[in-house]
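The next block holds one structure in the form of structure tokens; read it before the comments.
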There are 2 protein chains.
Amino acid sequence: MSTRASAQTQRRARLTRDRVLRAAIALADESGIESLTMRRLGEELGVGPMALYRHVRNKEDLVDGIVDLVFEEIGLPSIDADWKEAMRRRAISVREALSRHRWAIGVMESRLNPGPANLRHHDAVIGCLRAAGLAIAMVAHAYSLLDSYIYGFATTQMNLPFQTPEEVAEVAQSMLRPSPLNAYPHLTEMLTDHVMKPGYDYGDEFLYGLDVILNALQQAQNAS
Amino acid sequence: MSTRASAQTQRRARLTRDRVLRAAIALADESGIESLTMRRLGEELGVGPMALYRHVRNKEDLVDGIVDLVFEEIGLPSIDADWKEAMRRRAISVREALSRHRWAIGVMESRLNPGPANLRHHDAVIGCLRAAGLAIAMVAHAYSLLDSYIYGFATTQMNLPFQTPEEVAEVAQSMLRPSPLNAYPHLTEMLTDHVMKPGYDYGDEFLYGLDVILNALQQAQNAS
DNA sequence: ACCTGAACACCGTTCAAGT
DNA sequence: ACCTGAACACCGTTCAAGT
């Protein structure tokens, strides 16, 4: 009886905003963002849905909160390293955080209120580039280009109708079946002669594109 | 009386999948994607919500349908033009379509079933690059890089806490107020000394980044 | 201060029924 | 063949009430 009572107590350990947000992230990670409802989250924490409203203003505020926790996971760029290497490491760190929390990229673009971790992160990136001597206009160019690419790649990879290499084959198959024979010849060639070849992993394209961008930015910087 | 009856008749003109999808796009354009519910859409068309299910399988199918209609608005790249110029025009066309339908970028990454217009578009882009002589691996690189950038820029621009140049000032103001003085010095500098200067429009960054990428890809192509 | 319970105004969708 | 109406299992959130 006392074990059951203490389990109950533990489950009902006083709620905090942090406990609510952590549970929300765990729920979204496990079951997808569509499972993150106030009712389900309450269940998970052993309370009614209305108990959550003591710690978050509303659902919008809840999602703002978990997005900012994802930003906290991203490593801040160091000031001393050369900016190209620092930006490369940051890009990889962002991508890692986004792939740990696959729901994040999908809800970020509906956020209007950037949280403190988000602002601190942006501030550090701009600071790194300024410290390396880039003019303010060049920092704006570099930041826009890099961030667009990083978020865009995560979005694009999410959009692919296949996730694992094994799925590529069946997708290629089904892509031809419903349409007139060879309706998409170039797409078919790309899939069969390149993407389906052993060793190809779409994720590898990330570093290729990132280095193309970083090298191009460095050229532009050196030319100025 | 007869006018009222004919208005009624016109309003209830036989539903088609196309009429349903067009009305859905109009509703999302006007009132935002969160207003696009089966019930509201039925109202708009003068029918009950269940009438829609004769023409779309479910809401997922409805959203798949309107996303593919957006793809139909994007101009296909021409084969004869040089690939760099063709890709530049395509990128601008994608961006225009996405800014006509601001909800689109937010729902694209939850789509798993690419529609015919989407496939036709992708096929044409790959075909254009192949015709210009790019090796298949280079096409994969270029496609990934360009698409990531285009979608990412649209996402990033959507994420900005300001949309019009006028809003920038108040955002910059409120960014300092709640935090310890000068919590984000580099962000503040960027906003006050660059973004808020007359003539700056974040949208202009799109072409800068696009041309950086296109030139870098051409260099990589020439080197091979 | 913190949580509950009932209620309200919404969702998408099934199923049987109308014409 | 095409649309309706009632119903079901969900949502987020308000408000008054409990401890």
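Predicted model, so just to flag it, every value in this text is computed and none were measured. Lettering follows sequence order; numbering is per chain, from 1.
Screening residues 195-206 of chain A for salt bridge (Lys or Arg N to Asp or Glu O under 4.0 Å), with sequence neighbours left out, gives no hits. The list of ring-ring contact (aromatic ring centres under 6.0 Å, His included) pairs with a residue in residues 20-55 of chain B, not counting sequence neighbours, is empty.
Among Leu36(B), Leu98(B), Asp29(B), Val63(B), the single residue meeting the side chain to side chain contact (heavy atoms under 4.5 Å, CB included) criterion with Trp103(B) is Asp29(B).
Judged as a ring-ring contact (aromatic ring centres under 6.0 Å, His included), and not counting sequence neighbours, Phe71(B) has no contacts. A search for ring-ring contact (aromatic ring centres under 6.0 Å, His included) contacts involving Tyr143(B) returns His122(B), not counting sequence neighbours.
Atom pair Glu34(B):CD and dC10(C):P shows a separation of 14 Å (rounding to whole Å applied). Leu45(A) places its CG atom 16 Å from the P atom of dC2(C), with the value rounded to the nearest Å.
No donor-acceptor pair under 3.5 Å is formed between the side chain of Ser144(A) and the backbone N or O of His141(A). When atom types are taken as modelled, the side chain of Asn182(B) and the backbone of Pro185(B) share no donor-acceptor pair closer than 3.5 angstrom.
Checked for salt-bridge contact, Glu43(B) and Arg39(B) miss the test: no charged N lies under 4.0 Å from a carboxylate O.
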* To do: Starting at the 5' end of nucleotides 12-19 of chain D, put B wherever the base has a protein heavy atom under 4.0 Å, S where only the sugar-phosphate does, and a dash everywhere else.
  => BBBB----
* Structure fact -> Symbol by symbol from the 5' end, with Watson-Crick or G-U pairs under 3.5 Å, [ ] crossing and | another strand, DNA chain C is ||.|||||...|||||.||
